[in-house]
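Note: hydrogens, waters and symmetry copies are ignored here, and every other heavy atom, side chains too, is used. In this text the structure is predicted, and so the values were computed from the model without any measurement.
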Amino acid sequence: MSVPRSVALERTLYTLTAPVLAAAPNLFADSPVNTVVQLAGAAGVGGWVLAYKSDETGAGRKALRWSPLVFAAAVDIAARHTIGWGPWCMDGLLAAGWAAAGLLVMPFSRHTRRRHRPALAAPAPAPQLQLAPEPSLAQPDDGADAFTRQVRWLWEARGLPGRTIVITATPHEGMPNDLSLLLRASEAGRPISGLTPEAVAAAFGVEVADVRIEEVVRQYGREGGPGWKEVHVTPDMNERRRKAPTTHEWWADRIGATGGPVPGSQFVKKVRDQERKVTHYIAQVPDELGEPRVNQHSLAAALKTKYDEGRLFVTVDGNQVLVSLWDSSPLAQVFPATRELLTPDKDGRWVTGYLGNGQPARNRVYTDRGAAHGLFVAPSGGGKTQLMGLHVAADALFGAVVMLATEAPDEKTAALGKHTARYGVGALYMIRLLRVLVALMEIRGEMPWEDGEVHEWDPTRPGCPYRMLSTYLDEFLSAARNGDYGAEIMDLAELVSVKGRKYGVGLKVAGQSIYVQDGFTQLLCENLRENCIPVVLKVAPKKVTEMFKALGIPSEYIPDPLPRSFSPAEKGRIERVMGGEPEPPSDSNTGGAGWIIESKQPDVLRTLFMDFKAGIDGYFPDAVATLTDHEIRELEARDLWFDWTEPPRPGEFGPEPDDEDGDDDAPKKGGDKRRGGGGKSATRRDAVTSPRQALEAIKNLSRA
């Protein structure tokens, strides 16, 4: 077998170089030959290092290629450091060994190729026509970037989950483990049906919650539909989202998620009112979901509060939701009443208190239908007299004539009575006042205005000859159940509630209940409700539903009961139990808190606080408004204007009983009008249908 020319040349070079390598260090210690040999050895060591660090195959072959230079430098260094030629002519033996190794290894000629060249005598194999390798379906030759090719190798190694192939893979900036995949069914024209988040999560070794599969919409230049899917694998983003979510992410995960407090809602913005110490969250739901559905108890838990703390309030406006979270309950705050707040504006509106969302809650002294009526419902200690005082002051500041009657004496109502045209106590006083109201409806119906015509009362129309009259009946139900006067009190109140507004006569009824079974007729309740803005305070939880149903509130708008206290519970109960210490007294601070019903949906409010102890004169005008002289003369002519605290006058409530008859069963002082009594009461109520008929009935009784 012939030897290749490169091999023969290399062997010759090794043979000639060996004597020089051995002699140069011994004969010429400072010869440049030594320097050249050592530099060549250093280059060989560098070649070894590069071969070791290289990712390509053939590192051993590269090391052999550089080995003669490294060994030559080693022989040269050994020869320089031995005495003479060394023991047993060691320098010559090393040089000879180097030459022999080179002759056998021959790195430069034989290791520059993977295979030796075939022998010259060997016949050349006949060329074979080979088929080009078929491209892999999972690895198409489409010029994809390196990241996409790596993901394709991984996807193929995992068995092509869902029988899909990777079209593109996009890494997420700043998230080393997050990426998005555009997948297509491996079989053209077939839908992707077996791809699941579990399969994708297993392929990438992440949690199922870190995988999101989306539909692909057809775009210009790219197909879409059921044969395509877009997959987002986001373990890093989800980890960051769990530890430090943005407000949008927190809302989407905790509030707007399916089964959340406001399902389907999308966060819009967050507003912090530092001055009022409240944070507002604004969100909205898509139009196709309709009106937002809010679970306030779950929402309170998500906002790390309790529903009964009174810090959370929700306002729904169309498809938008306003969530107001106060640092401390606004219903536990004190909002002092001022003359400015109580003074009605040009529309007759004035501030009654403040809603849970911080808006002022306003009531009216008149409406577009005429004088406003009033309905105040609250149990004992609920703030009813305080609320009534606010209304009395607002009416007085408007310039109205105010009259007040209460069934039982009270310190606060007595203080209010000093600022009214008339004030008295008892059912007798109340029935006399109601008779005057009915008479005034007839008198005012005949009083000409400046234009000489008679009109219904309208505060916006000039030329009215009389003032608005606002009448307050406190503890009305107690008076309406009075055995002597109750039936007529209820009848007259119904009559005033129907027609009084047209003559500037407003009827304000205050009591602890508006239930029909408690004596409050449905007609009176409906008339007052339609012509006023009712306020309900501190209702017992079991009575909330019945109370608002009686007021005509739809069941879907009936509110939840208010908490027993708006003060947060003191911490440390476990320590107190362990130490045998008593619990601190609960702070019953819900007086003046309740609902105002201006529309079909009640709103929570806290009424203004009128400080009776400090004096209430500053809330009222200096002069007390009274009826006109004409009205008083007409009332006197009807024998209705006198001191209403007097005992019953002879014939005032029907004919006096005949002493000779001695009929003990005869009703006294109008007792024949007892509610639910005999047929006389029913007949009289059916006959009285107008103010004139009522006055005629009163005159007939007086003349009898």
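Ring pair H391/F376 is tilted by interplanar angle, where 30° to 60° counts as tilted.
To the nearest 0.5 Å, atoms CG (D395) and OG1 (T420) are separated by 11.5 Å.
A heavy-atom distance below 4.5 Å is not found between the side chains of E546 and V539. Between V377 and M547 the shortest side-chain heavy-atom distance falls below 4.5 Å.
Between Y619 and H419, the gap from one ring centroid to the other reaches at least 6.0 Å. Here the two rings, on F548 and Y557, have centers that are 6.0 Å apart or farther. Between W350 and F398, the gap from one ring centroid to the other reaches at least 6.0 Å.
Under the 4.0 Å criterion applied to side-chain N and carboxylate O atoms, D458 and R461 are not assigned as salt-bridge partners. A salt bridge links E652 with R432: the closest approach of a Lys/Arg side-chain nitrogen to an acidic carboxylate oxygen falls below 4.0 angstrom.
Heavy atoms from other residues, nucleotides or ligands lying under 6.0 Å from CD of E411 number 12 at most. For R293, the CZ atom counts as loosely surrounded, since its 6.0 Å shell holds 12 or fewer non-hydrogen atoms of other residues, nucleotides or ligands. Within a 6.0 Å sphere centred on CG of D317, other residues, nucleotides and ligands contribute 12 heavy atoms or fewer.
Geometrically, R435 does not engage W644 in a cation-pi contact, judged by NZ or CZ lying under 6.0 Å from the ring centre and within 45° of the ring axis.
Remark: the backbone N or O of E530 is paired with a side-chain donor or acceptor of R369 at under 3.5 angstrom.
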Steps toward side chain to side chain contact (heavy atoms under 4.5 Å, CB included) verdict (I443, H630): CA-CA 9 Å; I443 295 170; H630 173 74; 4.3 Å; yes

Before you tell me yes or no, could you show the steps for S328 and K277 under side chain to side chain donor-acceptor pair (under 3.5 Å), namely the whole-Å CA-CA distance, both residues' side-chain angles and the distance that decides it to 0.1 Å? CA-CA 8 Å; S328 60; K277 306 297 182 183; over 6 Å; no

Side chain to side chain donor-acceptor pair (under 3.5 Å) evaluation trace for E494 with T521: CA-CA 8 Å; E494 285 182 355; T521 66; 2.6 Å; yes

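The ring pair (Phe, Tyr, Trp, His ring centres under 6.0 Å) test with Y354 singles out one residue from F313, W326, F335, and that residue is F335.
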